[in-house]
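One structure is given below, encoded as structure tokens.
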2 protein chains.
Amino acid sequence: MGANSRLTIAVHALAWMALAARRGLTQMTSDEVAASVNTNPVILRRSLGQLRAAGLVTVRRGAGAGWSLARPPEQISLLAVYDAVEQDSLFGMHHTEPNQECPVGRGIRPVLDRVYGDAEQAVRRELDRTSVADVLRQILHSQTS
Amino acid sequence: MGANSRLTIAVHALAWMALAARRGLTQMTSDEVAASVNTNPVILRRSLGQLRAAGLVTVRRGAGAGWSLARPPEQISLLAVYDAVEQDSLFGMHHTEPNQECPVGRGIRPVLDRVYGDAEQAVRRELDRTSVADVLRQILHSQTS
DNA sequence: CCTTGTCGTAACAGATCCTGTTACGACAAG
DNA sequence: CTTGTCGTAACAGGATCTGTTACGACAAGG
């Protein structure tokens with residue numbers, strides 16, 4: 001599965017913003033976030049735009065613009081981030097409709113929908129157990145600084 | 001996430017082979033499986049080849065060749081199928097290495113590895129709860145035939 | 001009002017992946 | 001030796017993802 005890096009980018013951005021906020025810098029530009037992630041600012045504007053639509057960050061425009069966390073990082077679960085940046089389901093169905101004259105072809109889709117839905121729920125429960133603050137704490141804890 | 005349909009194709013093939021076996025047809029060609037899935041036989045040969053490498057099906061070559069289930073469908077969990085056809089992880093890491101001068105850039109990867117690993121384990125546990133026989137039973141149960 | 005800095009977004013390129021197709025050699029049964 | 005099927009390479013078309021450039025929209029502050 002050619003897994004994309006959107007969740008990684010978004011969590012990285014939020015963790016970095018949370019660390020900066022703790023240091024008193026409550027607003028950052030997309031260039032500053034991009035410097036930590038080491039990618040293009042447009043990538044971050046796209047990602048942060050999705051987080052804004054989900055209510056996880058706020059943005060100021062015009063001169064002196066920038067991004068801020070909309071709530072404390074303890075209250076941002078990775079599930080919320082996942083929902084913000086990812087919409088496709090984990091597993092894809094058939095590209096072409098299966099043969100309707102075969103019992104399996106007729107009936108397999110609802111069954112797989114159920115199985116796949118259960119699997120996705122399991123992922124969601126797991127992501128819900130970790131917050132951006134947890135991620136930041138584990139990052140800092142792993143470093144001797 | 002541009003999710004692929006490999007797990008769907010493989011489970012469909014196995015369920016159809018299980019139904020055929022129950023009817024006494026213990027061997028099928030890739031053309032016959034492809035007819036139920038409604039796709040090209042080469043797609044099925046690729047998919048069944050992965051299932052064979054995982055020991056879930058066997059193949060006979062030469063004239064009168066074809067595919068058979070290697071064990072009863074009750075003993076083929078969707079986790080085994082998943083492992084056979086899918087190797088990439090669910091979530092991707094950064095494409096480019098994060099900025100190592102930023103604490104978050106330095107430390108985020110092991111943390112995300114752990115979170116993503118837990119999420120994948122949750123998916124695997126969920127898939128392990130269902131067998132090909134379960135899928136087939138649910139398919140047949142949903143039809144009035 | 002104007003300058004300035006940043007966001008928002010379109011447009012595009014390159015890479016990669018997935019599905020589907022054709023083709024053909026390898027293989028084994030009979 | 002004929003025949004039918006697998007195994008696999010090669011390729012095309014489409015989709016997606018990342019990255020880049022460019023430029024208009026916007027608002028703060030002089």
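Numbered from 1 within each chain, the chains take letters A, B, ... in sequence-line order.
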Measure the distance from [atom1] on [X] to [atom2] on [N] and round it to the nearest whole Å.
{"X": "B:His94", "N": "D:dT18", "atom1": "NE2", "atom2": "C1'", "result": "14 Å"}
{"X": "A:Asn4", "N": "D:dT18", "atom1": "CG", "atom2": "C1'", "result": "10 Å"}
{"X": "A:Leu44", "N": "D:dT21", "atom1": "CG", "atom2": "P", "result": "16 Å"}
{"X": "A:Asn40", "N": "C:dG14", "atom1": "CG", "atom2": "P", "result": "16 Å"}
{"X": "A:Phe91", "N": "C:dC18", "atom1": "CZ", "atom2": "P", "result": "14 Å"}
{"X": "B:Glu32", "N": "D:dC6", "atom1": "CD", "atom2": "C1'", "result": "14 Å"}
{"X": "A:Trp67", "N": "C:dG5", "atom1": "CH2", "atom2": "C1'", "result": "15 Å"}
{"X": "B:Gln27", "N": "C:dA29", "atom1": "CD", "atom2": "C1'", "result": "12 Å"}

Sub-3.5 Å donor-acceptor pair from the side chain of [X] to the main-chain atoms of [Y], do we have one?
{"X": "A:Asn99", "Y": "B:Ala35", "value": "yes"}
{"X": "B:Gln100", "Y": "B:Pro98", "value": "yes"}
{"X": "B:Thr8", "Y": "A:Gly92", "value": "yes"}
{"X": "B:Tyr116", "Y": "B:Met93", "value": "no"}
{"X": "B:Thr29", "Y": "B:Glu32", "value": "yes"}
{"X": "A:Ser36", "Y": "A:Val33", "value": "no"}
{"X": "A:Glu86", "Y": "A:Ala84", "value": "no"}
{"X": "A:Arg6", "Y": "A:Val85", "value": "yes"}
{"X": "A:Asn38", "Y": "B:Glu97", "value": "yes"}

Watson-Crick/G-U partner (both atom distances under 3.5 Å) of [N]:
{"N": "D:dG30", "answer": "C:dC1"}
{"N": "C:dG25", "answer": "D:dC6"}
{"N": "D:dG13", "answer": "C:dC18"}

Report yes if at least one side-chain N or O of [X] is closer than 4.0 Å to OP1 or OP2 of [N]; otherwise report no.
{"X": "B:Ser5", "N": "C:dT19", "answer": "yes"}
{"X": "B:Thr29", "N": "D:dT5", "answer": "no"}
{"X": "B:Arg46", "N": "D:dT8", "answer": "no"}

Minimum-distance nucleotide (side-chain atoms of B:Arg6 versus C:dT22, D:dC17, C:dT19):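 So the side chain of B:Arg6 is nearest to C:dT19.
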From D:dC17, D:dT5, D:dT20, nucleotide with atom closest to B:Ala65 side chain: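 Nearest to the side chain of B:Ala65 among the choices is D:dT5.
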Nucleotide N/O to protein N/O under 3.5 Å, stretch nucleotides 22-26 of chain D:
unit_1: D:dA25; atom_1: N3; unit_2: A:Arg61; atom_2: NH2; d: 3.3

Touch class at under 4.0 angstrom, heavy-atom based, for A:Arg60 against every strand present: sugar-phosphate
For A:Arg52, salt bridge (Lys or Arg N to Asp or Glu O under 4.0 Å) partners two or more places apart: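 For A:Arg52, no residue satisfies salt bridge (Lys or Arg N to Asp or Glu O under 4.0 Å) once neighbours in sequence are set aside.
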Close residues, residues 47-57 of chain B, relative to DNA chain D [heavy-atom separation under 4.0 Å]: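 Residues of residues 47-57 of chain B under 4.0 Å from DNA chain D: B:Arg52.
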Residue whose nearest DNA chain D nucleotide is more 5′ - B:Ser30 or B:Thr96: B:Ser30
Residue closer to the 5' end of DNA chain C, B:Thr39 versus A:Asp31 (nearest nucleotide): A:Asp31
